[in-house]
Amino acid sequence: MSMTDSQLAPGPYPFAGELYPLEGMAFAEAAPELETFLIQAAEAAGVVIIRDHPVELVCRSSDLADQRFMVWWPSGHERLHVLTPNSLIRGRA
């Protein structure tokens with residue numbers, strides 16, 4: 001069973017400035033630049049990213065509208081994962 005099947009309720013989920021249906025999304029490793037941005041945003045907001053628990057981050061900037069992401073840091077992985085629309089995921093077999 002995948003993370004999205006086991007811990008997230010059906011419905012729309014954020015990716016940047018848009019909402020997408022869960023059935024069209026999957027958790028994928030964040031690109032290094034995005035991972036750094038998300039970790040800094042979590043620290044600035046006082047949000048703790050706990051392993052194996054999905055967390056919604058709201059990233060605020062004076063230059064842009066709020067950007068929202070659902071993140072997950074799975075046990076046994078060094079990289080943060082982001083719930084991403086399937087159409088944007090590259091490199092999966």
Side-chain angles (χ1 to χ4, degrees):
M1 184 178 294
S2 72
M3 163 59 178
T4 53
D5 292 338
S6 64
Q7 292 186 8
L8 298 178
Y13 283 87
F15 182 82
E18 302 291 327
L19 292 175
Y20 297 87
L22 180 60
E23 60 269 8
M25 302 180 83
F27 277 100
E29 279 189 6
E33 300 83 13
L34 179 57
E35 181 178 52
T36 299
F37 171 75
L38 294 171
I39 290 171
Q40 290 173 347
E43 289 172 355
V47 174
V48 177
I49 300 171
I50 301 170
R51 284 194 181 265
D52 298 321
H53 293 277
V55 174
E56 184 175 335
L57 291 178
V58 178
C59 305
R60 294 195 159 85
S61 166
S62 59
D63 301 340
L64 302 169
D66 289 353
Q67 303 289 300
R68 295 171 43 219
F69 298 90
M70 183 66 67
V71 300
W72 178 49
W73 188 13
S75 291
H77 292 268
E78 293 182 26
R79 303 292 306 279
L80 190 66
H81 289 61
V82 178
L83 190 61
T84 306
N86 290 334
S87 63
L88 299 178
I89 297 174
R90 303 286 180 254
R92 283 200 172 168

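One-based numbering along the sequence shown.
Smallest separation of non-hydrogen atoms from Phe27 and Leu8: CE1-CD1, 3.8 Å. Phe69 and Ala16 make their closest contact through CE2-N, 3.5 Å (heavy atoms, listed as atom of the first residue, atom of the second, distance). Contact detail for Glu35 and Glu78: the closest heavy-atom pair is OE2-O, 4.1 Å. When all heavy atoms of Trp72 and His53 are compared, the closest pair comes out as CD1-N, 3.8 Å. Summarising the geometry of Leu38 relative to Val82, their closest heavy-atom pair is CD1-CG2, 3.5 Å, with the distance given to 0.1 Å. Across Leu83 and Phe15, no two heavy atoms sit closer than the pair O-CD1, 3.2 Å.
To the nearest 0.5 Å, atom CD of residue Gln40 and atom CG of residue Leu57 are 12.5 Å apart. The line from NE2 of His77 to CG of Asp52 is 9.0 Å long, rounded to the nearest 0.5 Å. Taken from OH in Tyr20 to OG in Ser87, the straight-line distance is 6.5 Å, to the nearest 0.5 Å. Interatomic distance, CE of Met25 versus CG of Leu88, reported as 8.5 Å (0.5 Å rounding). To the nearest 0.5 Å, atoms CD (Glu43) and CD1 (Ile49) are separated by 8.5 Å.
Side-chain atoms of Arg51 come within 3.5 Å of backbone N or O of Pro74 as a donor-acceptor pair. The main-chain N or O of Ala30 is found under 3.5 Å from a side-chain atom of Arg79 such that the two form a donor-acceptor pair.
Under the 4.5 Å side-chain heavy-atom criterion for Ile, Leu, Val, Met, Phe, Trp and Tyr, Leu34 and Val58 are members of distinct hydrophobic clusters.
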